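Structure, as structure tokens:
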There are 2 protein chains.
Amino acid sequence: MNIGQAAAASGVSAKMIRYYESIGLIPKTVRTESGYRVYSDSDVHTLRFIRRARDLGFSVEQIADLVSLWRDRERASKEVKRIALEHVGVLERKIEELQQMAGTLKHLARTCHGDGRPDCPIIEELASEAAQAPPLKTDAKFGLLGKATAR
Amino acid sequence: MNIGQAAAASGVSAKMIRYYESIGLIPKTVRTESGYRVYSDSDVHTLRFIRRARDLGFSVEQIADLVSLWRDRERASKEVKRIALEHVGVLERKIEELQQMAGTLKHLARTCHGDGRPDCPIIEELASEAAQAPPLKTDAKFGLLGKATAR
DNA sequence: GCTTGACCTTCCCATCATTGGAAGGATTAC
DNA sequence: GTAATCCTTCCAATGATGGGAAGGTCAAGC
């Protein structure tokens with residue numbers, strides 16, 4: 001079948017199939033005389049595998065590992081589990097971070113009238129001085145020069 | 001002060017300060033004769049405001065709105081609250097999505113031995129046929145042609 | 001046989017926020 | 001004066017995806 005049909009059957013867009021091929025996640029396919037890519041049911045199966053992993057938030061790099069583990073009949077489930085749990089850890093850290101953000105904002109919104117008055121705790125909090133301005137990445141490769149460099 | 005000092009004082013990297021200037025999030029600064037950007041304490045205040053909003057996950061576009069609302073003494077808190085709550089909604093949808101992913105993976109990992117044996121429910125689930133392959137975005141602008149186009 | 005329309009190809013560009021680096025000029029410390 | 005550190009602009013890359021142009025191919029209908 002052609003790429004469009006493989007896309008429809010796998011749920012991975014034709015664009016992405018070509019991209020996955022270009023980065024080596026999937027091998028180069030056979031082509032017709034005129035250059036059309038040709039896919040087998042087995043290829044579609046692989047694409048569907050990839051799509052599921054992607055839907056679970058795995059990165060392309062992780063997916064590459066999972067695909068090769070999938071192909072390896074002798075694999076140890078230990079490795080798969082390790083990748084999965086590592087990813088769970090990443091997801092959970094991200095969740096916590098978002099929850100922190102949402103919590104802060106909800107709290108601020110709760111104390112905001114939300115009417116026509118200009119008073120707004122949300123803005124006030126954002127503008128407040130009481131913030132640590134920690135990990136910085138400036139152009140400077142070393143700390144600030146001297147002391148009274150400011151003007 | 002110079003950009004490096006403004007960066008250190010605000011927690012926004014020099015790179016990002018220039019970027020924010022280039023996209024118009026912050027106005028162009030005064031320059032010294034030799035072209036160095038010069039920042040005031042007030043500018044640093046703005047940058048810190050921006051950094052906080054960014055830390056709360058607001059997009060640059062939203063931050064631009066928040067900054068202009070901040071500058072507007074006559075603003076209605078209603079608008080600020082609307083932006084904040086809209087963002088909370090986005091965050092919560094994202095959280096739910098990630099929780100779904102993490103939940104599925106944890107469930108799969110729980111049923112995986114994680115030892116040297118090749119049996120692995122995680123891989124099996126990813127490879128299973130039982131998946132809907134719905135919303136697709138192919139190159140094709142219309143559905144598949146005819147019926148027996150495949151070869 | 002020829003047109004038409006849907007499909008395929010490659011190539012480039014854009015996203016979003018951020019970082020990295022190169023090449024070169026300015027300033028400061030010593 | 002020199003070296004270290006800062007600044008400048010410009011270009012590129014990230015990750016995964018979509019948009020679109022320019023052009024070739026295929027199948028159907030006339």
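Everything numeric here is computed off the predicted structure, so don't read it as measured data. Letters A, B, ... mirror the listed sequences (proteins, then strands); counts begin at 1. Heavy-atom basis, side chains included; hydrogens, waters and symmetry copies ignored.
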Take atom [atom1] of [X] and atom [atom2] of [N], then tell me their distance rounded to the nearest Å.
X: B/Ile17; N: C/dT18; atom1: CD1; atom2: P; result: 12 Å
X: B/Arg31; N: C/dG25; atom1: CZ; atom2: P; result: 17 Å
X: B/Asn2; N: C/dT28; atom1: CG; atom2: P; result: 8 Å
X: B/Tyr36; N: D/dT9; atom1: OH; atom2: C1'; result: 13 Å
X: B/Lys15; N: D/dA13; atom1: NZ; atom2: P; result: 14 Å
X: A/Arg18; N: C/dC11; atom1: CZ; atom2: C1'; result: 11 Å
X: B/Lys28; N: D/dT9; atom1: NZ; atom2: C1'; result: 13 Å
X: A/Glu21; N: C/dT10; atom1: CD; atom2: C1'; result: 12 Å

**OP:** Could you tell me whether the phosphate oxygens of D/dC7, OP1 or OP2, come under 4.0 Å of any side-chain nitrogen or oxygen in B/Ser34?
**Re:**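 So the side chain of B/Ser34 is outside the cut-off, no N or O lying under 4.0 Å from OP1 or OP2 of D/dC7.
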**OP:** Output yes when at least one side-chain N/O atom of A/Arg37 is less than 4.0 Å from OP1 or OP2 of C/dT9, else no.
**Re:**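 Answer is yes, contact under 4.0 Å.
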Might you list the N or O atoms of the protein lying below 3.5 Å from N or O atoms in nucleotides 15-17 of chain C, with each pair's distance?
{"from": "C/dA17", "atom 1": "OP1", "to": "B/Val60", "atom 2": "N", "distance (Å)": "2.7"}

**OP:** Please collect all side-chain hydrogen bond (donor to acceptor under 3.5 Å, both in side chains) contacts where either partner lies in residues 78-91 of chain B, sequence neighbours excluded, each pair once.
**Re:**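 For residues 78-91 of chain B: B/Glu79-B/Arg82, B/Arg82-B/Glu86.
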Side chain to side chain donor-acceptor pair (under 3.5 Å) involving [X] - partner list, sequence neighbours excluded:
X: A/Ser22; answer: none
X: B/Ser40; answer: B/Asp43
X: A/Glu92; answer: B/Lys106

Original post:
Nearest 0.5 Å, what's the CZ-CG distance between A/Arg48 and A/Asp55?
Top reply: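 Those atoms lie 12.5 Å apart.
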**OP:** Taking side-chain contact (heavy atoms from CB on, under 4.5 Å) as the test, write out the residues that go with B/Ser77, two or more places apart.
**Re:**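 A/Cys112, A/His113, A/Asp115, A/Cys120.
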